[in-house]
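So the structure is just underneath, and the comments pick up after that.
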There are 2 protein chains.
Amino acid sequence: MLEENKINQYLQFFGLQPEELLSIFNLATEKVLAQDEVYIKEGGTSRKLAYIKKGLIRSFHLKENGDEVTVLLRWEDQFLASYDAIFFSQPSRFTYHAMEPTVILEADYASLMELLNANPKFSSAKDFFMNSMLAEMMERVESFVLLNPEERYLRLIKEKSDIVQRCPDKYIATLLGITPVSLSRIRKRLSSRAGH
Amino acid sequence: MLEENKINQYLQFFGLQPEELLSIFNLATEKVLAQDEVYIKEGGTSRKLAYIKKGLIRSFHLKENGDEVTVLLRWEDQFLASYDAIFFSQPSRFTYHAMEPTVILEADYASLMELLNANPKFSSAKDFFMNSMLAEMMERVESFVLLNPEERYLRLIKEKSDIVQRCPDKYIATLLGITPVSLSRIRKRLSSRAGH
DNA sequence: GTCATTAATTAACCTTTGTTAATTCAGCCT
DNA sequence: AGGCTGAATTAACAAAGGTTAATTAATGAC
């Protein structure tokens, strides 16, 4: 289960009764992923929604030349799903793997939506999560059209420095749309500029 | 009102009764935008959701140096809102303007959500639209991490050639995260490669 | 038609990135 | 300690993009 303070936070935030929150958790099963364990592999069709209690999961695409490109990172208190499976009804083009020992709560996406839609009190919670995901994706699109790679990196370490520290630079680089070599040069430029 | 075939399409797709669809339309008012008319200006706080019946709307950010950067394009049968106002509850950092004579149906976002949440039959329609928006944004993020500018351009003209044709290249360029000069060079490269 | 305006292209130059490969660094194992 | 492994950095070069400014097209006003 979730820590008590998290639970109370949810109950208060969405105005739910404990038993209502419980009905959601009844759909979910806990899963533990070892470090480096693959959660969804390329080609997988899992239509599950996962809530990350602890840990860090990376989704990446494997290019023909063998290079990996990080598509997204998800960590504690975030939701995760194969968006190919859920939004495009197609096998996942990406592999999702745990970068740390990770604990998730997993529920069937369709069943969960059915439950959330059945009770109007859940609707605002659902809206909240859909909206946050949408907002997050929009912010990321924005960062690509408005910022150059160096600015994207600066914004990332400013806003997610804890995550950056938990993740090798080479994965951060491709998340920003650049190569690890280029990220290394950016870091060098920045440090030489900072150290006048 | 919508054309009859569109209406029937919606009724069938979501299994709604005509009067149910009507209750949604009762929230909406039609607005006509002249070519180049500003719909939402930077700093605006309109919390409306618009359905574009006809036309093309561009959202752009004005940089300090006076350059405009296209953030998104929306056209007929798509939904549009100031996402700063709705998702971030802050004044819009972007200006939305009609690139063509445009007709929209506009409804207050909160009222619409309230109505959609009140009737479970609307929920799947709402999910559908939230999911499509999310999927679209995710595809765009993907195009930035997986493709280079040339590949992004090729994908865009392949999948949205009609829209590209309705929009000056300089707006397309910044939408792809590059400058108009660079897009021109890409086009030249492509045509020289195609013409053996 | 000419003029004016704006988009698109081209050129020149500089900066940045991609690519490949070599080198350094750090952690870990025995 | 020494040796292994993978990450990060550095180097060298080619390819691409950013910037600025000039040139050419295209469009619309008059």
Side-chain angles (χ1 to χ4, degrees), chain A residues 34-36 56 58 60-70 73 97 99-101 143-157 163-195, chain B residues 34-36 56 58 60-70 73 97-101 143-157 161 163-195:
Chain A
Q35 180 154 11
D36 296 325
L56 182 57
R58 178 177 79 110
F60 68 86
H61 172 70
L62 191 64
K63 292 203 291 183
E64 325 70 47
N65 64 12
D67 287 1
E68 290 181 1
V69 178
T70 303
L73 293 176
H97 86 291
M99 303 194 49
E100 303 173 353
S143 79
F144 282 108
V145 296
L146 297 179
L147 307 178
N148 61 33
E150 177 175 319
E151 292 166 331
R152 283 202 293 281
Y153 175 64
L154 284 172
R155 172 181 284 194
L156 186 68
I157 55 176
I163 301 304
V164 172
Q165 274 156 4
R166 288 161 65 184
C167 192
D169 284 348
K170 61 174 187 166
Y171 298 146
I172 299 293
T174 57
L175 186 74
L176 294 170
I178 58 178
T179 61
V181 176
S182 185
L183 177 57
S184 179
R185 286 189 288 229
I186 288 172
R187 285 157 62 85
K188 181 172 187 169
R189 272 207 303 272
L190 291 172
S191 71
S192 78
R193 249 182 267 162
Chain B
Q35 179 155 14
D36 295 324
L56 181 57
R58 178 178 79 110
F60 67 88
H61 172 70
L62 191 63
K63 293 202 293 183
E64 326 72 44
N65 64 12
D67 286 1
E68 290 180 1
V69 178
T70 303
L73 293 177
H97 85 291
M99 303 194 49
E100 302 174 352
S143 79
F144 282 107
V145 296
L146 296 180
L147 307 178
N148 60 33
E150 178 176 317
E151 292 165 331
R152 284 202 292 282
Y153 175 64
L154 285 171
R155 174 183 284 196
L156 186 68
I157 54 175
S161 67
I163 301 305
V164 173
Q165 273 156 4
R166 287 160 65 181
C167 193
D169 284 349
K170 61 175 187 164
Y171 298 146
I172 299 294
T174 57
L175 186 75
L176 294 171
I178 58 177
T179 62
V181 176
S182 184
L183 177 56
S184 179
R185 286 189 287 229
I186 288 172
R187 286 158 60 86
K188 183 173 185 166
R189 273 207 305 272
L190 290 173
S191 70
S192 78
R193 248 182 268 160

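Convention: sequence-line order gives letters A, B, ...; per-chain numbering from 1. Note that this is a predicted model, so its numbers are computed, not measured.
As rounded to whole Å, 12 Å separates atom P of D/dG6 from atom CG of A/D36. Between B/Y153 atom OH and C/dA8 atom P there is a gap of 10 Å when expressed in whole angstrom units. One atom, CD of A/E151, and another, C1' of C/dT17, lie 15 Å apart when rounded to the nearest Å. When the C1' atom of C/dT16 is taken as reference, atom CG of A/L176 falls 15 Å away, rounded to whole Å. Atom CD in A/E68 sits roughly 14 Å away from atom C1' in D/dA7 (whole-Å rounding). Computed from coordinates, the A/L183 CG to C/dT17 C1' distance equals 12 Å when rounded to whole Å. One atom, CG of A/D169, and another, P of D/dT10, lie 12 Å apart when rounded to the nearest Å.
Defined by atom type and a distance below 3.5 Å, a donor-acceptor pair is present between the side-chain atoms of B/R58 and B/T70.
Here the closest non-hydrogen pair linking A/F144 and A/L175 is CZ-O, 3.8 Å. Closest approach of B/A34 to B/A98, counting heavy atoms only: O-CB, 3.6 Å. Shortest non-hydrogen contact noted between B/I172 and B/V164 is CD1-CA, 4.1 Å.
At a threshold of 4.0 Å, the pair B/K63-B/E68 does not count as salt-bridged, since none of the basic side-chain nitrogens sits closer than that to a carboxylate oxygen.
Using a 30° and 60° split on the angle between ring planes, A/H97 and A/Y171 fall in the perpendicular class, above 60°.
Atoms CD1 and CD1, on A/I178 and A/I186 in that order, are 4.0 Å from each other to the nearest 0.5 Å.
OP1 or OP2 of D/dA8 has not a single side-chain nitrogen or oxygen of A/R187 nearer than 4.0 Å.
B/S182 contributes no side-chain N or O that, together with a main-chain N or O of B/T179, makes up a donor-acceptor pair within less than 3.5 Å. A/Q35 contributes a side-chain N or O that, together with a main-chain N or O of A/M99, makes up a donor-acceptor pair within less than 3.5 Å.
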### Query
Quick one: what's the B/S/- string for nucleotides 11-20 of chain D, heavy-atom cutoff under 4.0 Å, read 5' to 3'?
BB----BBBB
### Task
Using a 4.0 Å cut-off on protein heavy atoms (strictly under), produce a 5'-to-3' string for nucleotides 24-30 of chain D with B for base contact, S for backbone-only sugar-phosphate contact, and - for none.
-------
